[in-house]
Amino acid sequence: MTISCSELTKVYEGGKAGWPALRGVSFDIKAGEFVAVTGPSGCGKSTLLNIIGLLDEPTGGKYALNGRDVFTLSDLERSDARRDEIGFVFQSFHLLNRLSSLENVCLPLMYAGADSAETRERAGSLLRKVGLHGKEKKIPLELSGGERQRVAIARALANSPKLILADEPTGNLDSAASKEIMGMLTRLNEEGITIIMVTHDRELAARAGSNMRMRDGRIEQ
């Protein structure tokens, strides 16, 4: 999955001039790269990730996802791209507490129209892939933080995405669990998945293939 952004801007309304979250951001990411995005709070990291993930729209600039100008995509095409091509991993997991681990992983497959038997088989396989065999019936509140993030990664992999966007994936984890999750992301990258990870952890960022540091809505380095 390739990403090309040119002079991206994002201005949130408020006050006379609004608040500029992104101020002319330009970069290219090749298929199969592992990029860590770092910088202080409020510098625009999560805003950029949301735009790349088609969860938000920029105020200006250009953005091409796998060679396609995202501004030419219909709402349905953007929704399909989010579902089929992009996996999301969040700091707070975003799991549904009333559902089991297996059921949480099944959700993206159900939205994609997979049949029930195929859905459960695929979800079970992914939970085994992330080391959660035997935890399929556990609800999130019965799992540790690291185990919840593993469920979230399995869910992100449900529809075989080409791109994973991870927003502070280790932010709520202890150091041991953080290393496990980082190791898992590294292995997925080695399988060919493009990964963009927002993190405050310099040690984890150093393990990515490349780093992009942001400050005040711009790429500093």
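This is a predicted model, so every value here is computed, not measured.
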At what distance, to the nearest 0.5 angstrom, does CG of N66 lie from CE of M1? 4.5 Å
R83 and Y111: which non-hydrogen atoms are nearest, and at how many Å? NH1-O, 3.8 Å
Where do L109 and T119 come nearest, in terms of heavy atoms and distance? CD1-O, 3.6 Å
H133 NE2: over 12 foreign heavy atoms closer than 6.0 Å: no
Is a donor on one side and an acceptor on the other found under 3.5 Å between the side chain of Q149 and the backbone of P169? yes
Minimum heavy-atom distance between R68 and A81, given as atom pair plus value: NH2-CB, 4.3 Å
Are the side chain of N97 and the backbone N or O of I139 linked by a donor-acceptor pair below 3.5 Å? no
Give me the atom names and distance for the closest heavy-atom approach of N189 to I193. ND2-O, 3.0 Å
Indicate yes or no for a side-chain donor-acceptor contact from N104 to the backbone of L95 under 3.5 Å, with no hydrogens or angles considered. no
Report yes or no: do L185 and I52 belong to one cluster of Ile/Leu/Val/Met/Phe/Trp/Tyr joined by side chain heavy-atom distances under 4.5 Å? no
For L54 and L65, run side-chain contact (heavy atoms from CB on, under 4.5 Å): C-alpha distance rounded to whole Å, both residues' side-chain angles, the deciding distance at 0.1 Å, then the answer. CA-CA 10 Å; L54 307 178; L65 181 65; 4.2 Å; yes
Between CG on residue L165 and CD1 on residue I51, distance to nearest 0.5 Å: 12.0 Å
Salt bridge flag under 4.0 Å for residues R213 and E220: yes
Check: D201 main-chain N/O paired with T199 side-chain donor or acceptor under 3.5 Å: yes
Does atom CD of E121 have more than 12 heavy-atom neighbours from other groups under 6.0 Å away? no
Is K62 salt-bridged to E7, cutoff N-O under 4.0 Å? no
Are L107 and F93 linked, directly or through intermediate hydrophobic residues, by side-chain heavy-atom contacts shorter than 4.5 Å (ILVMFWY only)? no
Are L99 and F90 in one and the same hydrophobic cluster, where Ile, Leu, Val, Met, Phe, Trp and Tyr link if side-chain heavy atoms are under 4.5 Å apart? no
Carboxylate-amine/guanidinium proximity below 4.0 Å for R23 and D216: no
For atom CD of E77, is the number of surrounding heavy atoms from other residues, nucleotides or ligands below 6.0 Å larger than 12? yes
Between the side chains of R122 and S160, does any donor sit under 3.5 Å from an acceptor? yes
Kindly say whether A64 contributes a backbone atom to a donor-acceptor pair with the side chain of S4 at under 3.5 angstrom? no
Do L102 and K137 come close enough that some side-chain heavy atom pair is under 4.5 Å? no
Determine whether V105 and L127 make a side-chain contact, defined as any pair of heavy atoms from C-beta on separated by less than 4.5 Å. yes
Set out, in order, the CA-CA distance, both residues' side-chain angles and the distance that settles side-chain contact (heavy atoms from CB on, under 4.5 Å) for T38 and N211, then state yes or no. CA-CA 7 Å; T38 62; N211 280 252; 4.1 Å; yes
In Å and rounded to the nearest 0.5 Å, what is the CZ to CD1 distance from R148 to I153? 14.5 Å
Keeping Y63 on the side-chain end and D69 on the backbone end, is there a donor-acceptor pair under 3.5 Å? no
Within the distance-only criterion (no hydrogens, no angle test), does the side chain of E85 pair as donor or acceptor with the backbone N or O of R82 below 3.5 angstrom? no
Backbone of L188 reached by a side-chain donor or acceptor of E190 within 3.5 Å: no
Using 0.5 Å steps for rounding, measure from the NZ atom of K138 to the CG atom of L132. 11.5 Å
Let me check something: do V89 and I196 share a hydrophobic cluster, defined by ILVMFWY side-chain heavy atoms less than 4.5 Å apart, either directly or through other members? no
Say whether M212 and L204 are linked into one hydrophobic cluster, either directly or through other cluster members, by side-chain heavy-atom distances under 4.5 angstrom. no
Report yes if the side chains of V37 and M214 come closer than 4.5 Å at any heavy-atom pair, otherwise no. yes
Just so I know, are the side chains of R120 and C106 near enough to count as touching, which here means a heavy-atom distance under 4.5 Å? yes
Has S26 got a side-chain atom pairing as donor or acceptor with S6's backbone, closer than 3.5 angstrom? no
Check whether any side-chain heavy atom of I181 sits under 4.5 Å from a side-chain heavy atom of R150, and report yes or no. yes
Would a 4.5 Å heavy-atom cut-off, applied to side chains only, mark P140 and V151 as touching? no
side-chain hydrogen bond (donor to acceptor under 3.5 Å, both in side chains) test vs E168 passes for just one of K45, H200, Q91, namely H200
In short, D28 meets C5 closest at the heavy-atom pair OD1-N, 4.4 Å
Is L163 close to I3 at the side-chain level, that is, under 4.5 Å between some pair of heavy atoms? yes
Count the heavy atoms belonging to other residues, nucleotides or ligands that lie under 6.0 Å from CG of D75, then report whether that count exceeds 12. no
Trace of the side-chain contact (heavy atoms from CB on, under 4.5 Å) decision for I164 with I86: CA-CA 6 Å; I164 288 181; I86 305 173; over 6 Å; no
Derivation and outcome, side-chain contact (heavy atoms from CB on, under 4.5 Å), residues I219 and F27: CA-CA 9 Å; I219 294 178; F27 62 91; 3.7 Å; yes
Give a yes or no on whether the backbone of P161 and the side-chain of N159 come within a donor-acceptor separation of less than 3.5 Å. no
Enter the distance from D56:CG to L49:CG here, rounded to the nearest 0.5 Å. 11.5 Å
CD-OG distance between E142 and S100, expressed to the nearest 0.5 angstrom: 10.0 Å
Would you say that F88 contacts L55 through its side chain, given a criterion of any heavy-atom pair below 4.5 Å between the two side chains? yes
For a quick test of reading the model, state the closest non-hydrogen atom pair linking R78 to F71 and the distance between them. NH2-CA, 3.6 Å
